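Let me begin by presenting the structure, written as structure tokens, before commenting on it.
Naming convention: chains lettered A, B, ... in sequence-line order (proteins, then strands); numbering from 1 in each chain. Quantities reported herein were computed from a predicted structural model and do not represent experimental measurements.
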Amino acid sequence: MFKILNQEDRARRGVLSTVHGEIQTPVFMNVGTCAAIKGGISSNDLYDVNCQVELSNTYHLHLRPSDKVIYNMGGLHKFMNFNKPILTDSGGFQVFSLAAIRKIKEEGVYFASHIDGSRIFMGPEESMQIQSNLASTIAMAFDECIENPAEYEYTKMSSERTIRWLYRCKEEMDRLNNLPTTINKKQMLFGINQGSTYDDIRIYNMKQIAKLDLDGYAIGGLAVGDTVEQMYHTIDVVEPFMPINKPRYLMGVGTPVNIIEAVSRGVDFFDCVMPSRNGRHGTLFTSKGIISVLNEKYKEDKSPIDENCNCPACRFYSKGYIRHLFKAKEMLGMRLGVLHNLYFYNNLMKEIREAIETNTFNEYKKEKIEVLGKRI
RNA sequence: GGGAGAAUUCCCGAGCGGCCAAAGGGGGCAGACUGUAAAUCUGUUGCAUUAGCUUCGGUGGUCCGAAUCCACCUUCUCCCA
């Protein structure tokens, strides 16, 4: 299933085979929560920005249009007409992000819908059932993502509950994959490590979930209030306990620099709303650093966002024009911003892969870390 | 021709004697954004920035003190002819 092709120190170059095709890792998954990348990006555009994996959300799609509708439409791939791998997040992150409108119990989480306030319940079984209906390539375990900093005792209790939830997820996923009515009977399941910034909880948690023979393992609960140093430290602490022959996924991360740092620590999968959200807001990633095309200095700038970029925005349009689109609140501005950022992220991953293949990743890292995080 | 009302900082618009460099929008400028309740949020927006200086159509006046009161002028809107 997952094969490591090359390795340079802890950085891995691998390939994950799925029913929807191969995923070359390290990979960045492009976040389209509601079965669309925000900013007017179609699944067809995703091919143009070299997206390998699209990511959608269980909670959001359950509420609207409902997993039943998507099941009846033939699953997410047919629904959004995307034929590459799709990962669905479990709704666990919403336990964190919708904190004001939910209650957590052993059986699962009671939410008030952010759309109409109606009461909804989601536990491990419900999350698996919904994701099975969505028929994504990879389903994520239903977890509780805790905000940092967190109390030790609460973290311990919560992450142990998340382990129990994972066992229930695994059992339910096995059952669903054997149902004749299931669209994707080879749906993969990734488990999620939690434990906030407490090394002992993280390690205990990782050891427990590694016992299940899952298709991949994620590190969750990072970049949610912790410092960047704490995040790197936690990866360093947990990574040695992650199965080497399974993909590792750092959830919700991050900046280009975060990604390079995490790859060097043995992480294979990433996802983040940053390229799409920042793209919508005019903050764009370039090979020379980060820019805001909204800045006045680009008013009459005839050059593309990035001279070295071959994305649909950079091939045809100038910064001056794109700035105008943002200022005029023309939808095309956001669209071009997001296309550029996604292309940049997917290309960054390609460069990382090539660097590991040619055993030059350490140099690549050294060189890029200086530049990519800089605001210019 | 007669009558009524209005002119505020880039724009709209509040203020109607001191607590006003002047509310609130918009626009401008800058920043934030990490498993998306985010086409969102925050800061800033007269000049100098320490004191201070110059603003509320214009000119003059009342008052310790005026964007606010009075007189005239200018422009605009509405009503009656």
### Message
Looking at D271(A) and G35(B), is any side-chain donor or acceptor paired with a base atom of the opposite kind under 3.5 Å?
### Response
no
### Same-atom distance (C1') from C19(B) to G1(B), integer angstrom
48 Å
### Query
What nucleotide among G35(B), U36(B), U34(B) has an atom nearest to a side-chain atom of H60(A)?
U36(B)
#### Entry: Atom C1', compared across A7(B) and A67(B): separation rounded to whole Å
12 Å
### Message
Work out how far the C1' atom of G17(B) is from that of U62(B), and round it to whole angstrom.
### Response
12 Å
### Query
Which of these nucleotides, C33(B), A37(B), G35(B), is closest to any side-chain atom of D143(A)?
G35(B)
### Query
Across the strands shown, which category fits N295(A) at heavy-atom distances under 4.0 angstrom: base, sugar-phosphate, nothing?
sugar-phosphate
### Task
Between U40(B), U34(B), G28(B), spot the one nearest the side chain of K327(A), thanks.
G28(B)
### Query
Can you tell which of N346(A), N50(A), D271(A) makes a side-chain hydrogen bond (donor to acceptor under 3.5 Å, both in side chains) with N30(A)?
N346(A)
### Query
Do you know which two heavy atoms are closest between I192(A) and T162(A), and how far apart they sit?
O-CG2, 4.3 Å
### Task
Ignoring the backbone of R323(A), work out which of C29(B), A37(B), A38(B) is nearest its side chain.
C29(B)
### Message
Closest approach to the side chain of A223(A), judged atom by atom: which nucleotide of U34(B), A39(B), U36(B) is it?
### Response
U34(B)
